[in-house]
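Working notes, structure below.
The basis for the numbers below is simple: all heavy atoms, side chains too, and nothing from hydrogens, waters or symmetry mates.
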Amino acid sequence: MDRRKKAFLYSLPMVSLLPLCLFTGGPESPFRFVFFPLILVLSRQLAPNVLFVAGLAATLFFPILSLFTRQPIPDMPVFLAEISAYFLTSLAAVHVSRSISRERDRYENAISTFHSLSDALNYKNMNLQTTLDALSEAHKKLQEYDKNKTTFLSNVSHELRTPLSSIRSYSEILLNYDDIDNDTSKEFIQIINMESERLSTLVNEVLDLMKIEAGKVELNMSTVNPARLLEEGEKIVKPMAIEKGLSLEVEVDRDIPYIHGDRNQMIQVIVNLLNNAVKFTSEGSITLGARLQGDFVEFYVADTGEGIFPEEKEAIFDEFYRISDVVLHRPKGSGLGLSISKRIVEFHGGKIWVESELGRGSRFFFTIPLAPGNEPSRKEETRTTDIHVNAIYRPILVIANDITIRRALRKKLEELGYQTLGADTPGRALQITRSMKPGLIVLDVSDDWDNFFELLRWAKSSQIRSILVSLHIYNSK
């Protein structure tokens, strides 16, 4: 109820008192004395101006009433004193009402201030609780980061120590013992070379991972043709697949839309997945493909390997997790390839996952957003033309029974920009030529004369040049 209605209701007794006095004796009515307690009571409820009007009305009412009723005034001094008492009581009531109103306003202001302070305090308390929750979460993350850092450093130290120990051990043997035969020396040098390559790969992957986690990866974003990415990935990994006797197939629609991303990073992801497929597949085939899925292009790499345990489907994307750690007789690696691939894909706004069943192989998927408009840029078109020109050069097939000689030849040729294939015997080389036709054959003398001459006859009939070489690696004293 608002103040006006309250003032009206509280003023009703004062208004009804005047008619009551009029009909019960006028100025001599016994009810006239009710005015004094009534106006004092009303001083707590009515506003000062209302009380003043009510008191003034009562003060004037009784003299006017005596004039209208024409009743004689018995005692003028008493009557004047009574009229003055009405007026003074009204002034006192006004003063009391004004004091009460002033205190009420102060009280209401205090209550309003209290509520404002209470709301502000609640708001600050909520902010403080939110800040405490954020600090608690940050503390947990810092603890987790610290734990991960310790684990990461421990894993890196362990991974670096293993190849370094091998390199140091075998190099010390070679330096300190003079009676080592050439075959043993060659074997030790081969181990040192393999461990050096492993160490170099590990350091590069650790540096890549640190750059990604620190957000310092410089992505050269452009419009990229998914079909060209698959062609490049196939071209890089196919020699390794052929050496292992695996077929590598590509499934892609030539009209698939273009994607938006860093071309080199995308190739790195594809090559990582293909390398794992080749590494963990002993026989069968590997399929590389891409297809349109909504606003993304979905790439996939499928193999016919042994598959992955269900509980490992998430763990394999963790840093330094390796299937060889839980399964014996599996190829070893750094355990960083899938972790780096996951971060690259997530940086591009996509996701990566695996579907696998034991004994039936694995299928790795990752998605990359489509390019706006799906129109190839000039930069991509130029690069595509260069790839097409370079694709006419077929790989060089290097044949040598000695793995050190074979690797040395392939390494020198690859440093010159050529692609290479490797085989340990002419018979194995003939199997490779059924899947991929080389542009040049470089071979060492072999004891397998039948396949040796059959390979030369095939090369002559296919108009492929053959170069016979004889390399010897020895220690000069």
Side-chain angles (χ1 to χ4, degrees), residues 190-191 193-195 197-198 201 230-251 267-289 300-308 316 322-324 327-335 337-338 341 354 356-364 394-411 413-414 418-444 446 448 451 455 458:
Q190 176 184 342
I191 294 174
N193 182 62
M194 292 174 59
E195 293 298 320
E197 291 180 356
R198 178 184 170 190
T201 301
L230 299 185
E231 288 181 3
E232 291 194 51
E234 177 198 21
K235 192 164 55 174
I236 294 172
V237 181
K238 191 166 187 177
M240 292 182 287
I242 292 176
E243 283 188 41
K244 203 171 179 181
L246 304 173
S247 63
L248 178 57
E249 303 173 358
V250 177
E251 299 175 351
I267 293 176
Q268 182 177 353
V269 174
I270 292 173
V271 170
N272 280 344
L273 297 180
L274 286 175
N275 279 335
N276 285 343
V278 172
K279 187 186 300 182
F280 293 101
T281 303
S282 56
E283 59 182 8
S285 63
I286 298 170
T287 304
L288 170 65
Y300 58 89
V301 175
D303 61 61
T304 57
E306 298 179 6
I308 302 171
I316 58 175
R322 295 173 300 190
I323 295 179
S324 58
V327 179
L328 298 176
H329 309 299
R330 288 284 188 90
K332 292 185 177 182
S334 65
L338 289 178
S341 299
V354 62
S356 181
E357 185 176 350
L358 286 177
R360 296 190 177 183
S362 304
R363 290 174 65 88
F364 283 84
R394 294 192 295 271
I396 299 175
L397 178 58
V398 178
I399 307 169
N401 185 45
D402 191 299
I403 187 173
T404 305
I405 294 176
R406 188 167 69 250
R407 286 194 174 188
L409 274 173
R410 293 185 63 181
K411 184 176 181 181
L413 291 171
E414 288 172 358
Y418 294 99
Q419 296 182 39
T420 65
L421 300 172
D424 54 350
T425 62
R428 183 63 176 160
L430 286 170
Q431 294 178 4
I432 294 176
T433 56
R434 297 190 186 103
S435 302
M436 177 176 287
K437 188 176 181 180
L440 176 68
I441 299 177
V442 178
L443 67 163
D444 193 6
S446 174
D448 186 5
N451 287 324
L455 178 63
W458 176 86

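The closest side-chain heavy-atom distance from Val442 to Leu397 is not below 4.5 Å. Taking the side chain as every heavy atom from C-beta outward, Gln268 and Val271 never approach each other to under 4.5 Å. Residues Phe280 and Ile308 fail the side-chain proximity criterion, which asks for heavy atoms closer than 4.5 Å. Using a 4.5 Å heavy-atom cutoff, the side chains of Ile316 and Phe364 are in contact. Residues Glu249 and Ile286 are not in side-chain contact: their nearest non-hydrogen atoms beyond the backbone lie 4.5 Å or more apart. Between Thr287 and Glu251 the shortest side-chain heavy-atom distance falls below 4.5 Å. The closest side-chain heavy-atom distance from Leu248 to Glu234 is below 4.5 Å.
If you take CD1 on Ile270 and OH on Tyr300, they are separated by 12.0 Å, rounding to the nearest 0.5 Å. In this structure, CG on Leu274 lies 9.0 Å from CD1 on Ile236, to the nearest 0.5 angstrom. Here Leu246 contributes atom CG and Thr304 contributes atom OG1; the two are 7.0 Å apart, rounded to the nearest 0.5 Å.
The backbone N or O of Val278 sits less than 3.5 Å from a side-chain atom of Lys244, completing a donor-acceptor pair. Put simply, the side chain of Thr420 never gets that close to the backbone of Pro395: no donor and acceptor are under 3.5 Å apart.
Nearest heavy-atom pair across Ala277 and Val301 is CB-CG1, 4.0 Å. Pairing each heavy atom of Pro438 with each of Ile441, the nearest pair is CG-CG1, 4.2 Å. Between Met240 and Asn275, the shortest heavy-atom contact is CE-OD1, 2.9 Å.
By the side-chain hydrogen bond (donor to acceptor under 3.5 Å, both in side chains) test, Ser356 pairs with Ser362, sequence neighbours left out. Taking Arg428 as the reference, Gln431 meet the side-chain hydrogen bond (donor to acceptor under 3.5 Å, both in side chains) condition, with sequence neighbours excluded. Here Thr281 pairs with nothing under the side-chain hydrogen bond (donor to acceptor under 3.5 Å, both in side chains) rule; sequence neighbours left out.
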**Message:** Applying side-chain contact (heavy atoms from CB on, under 4.5 Å) to Leu338 and Val354, what does each step give before you reach the verdict?
**Reply:** CA-CA 11 Å; Leu338 289 178; Val354 62; over 6 Å; no
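Between Arg410 and Glu243 there is a salt bridge, since a side-chain N of the basic residue sits under 4.0 Å from a carboxylate O of the acidic one.
Among the candidates Leu455, Thr425, Leu421, Leu409, the single residue satisfying the side-chain contact (heavy atoms from CB on, under 4.5 Å) test with Ile399 is Leu455.
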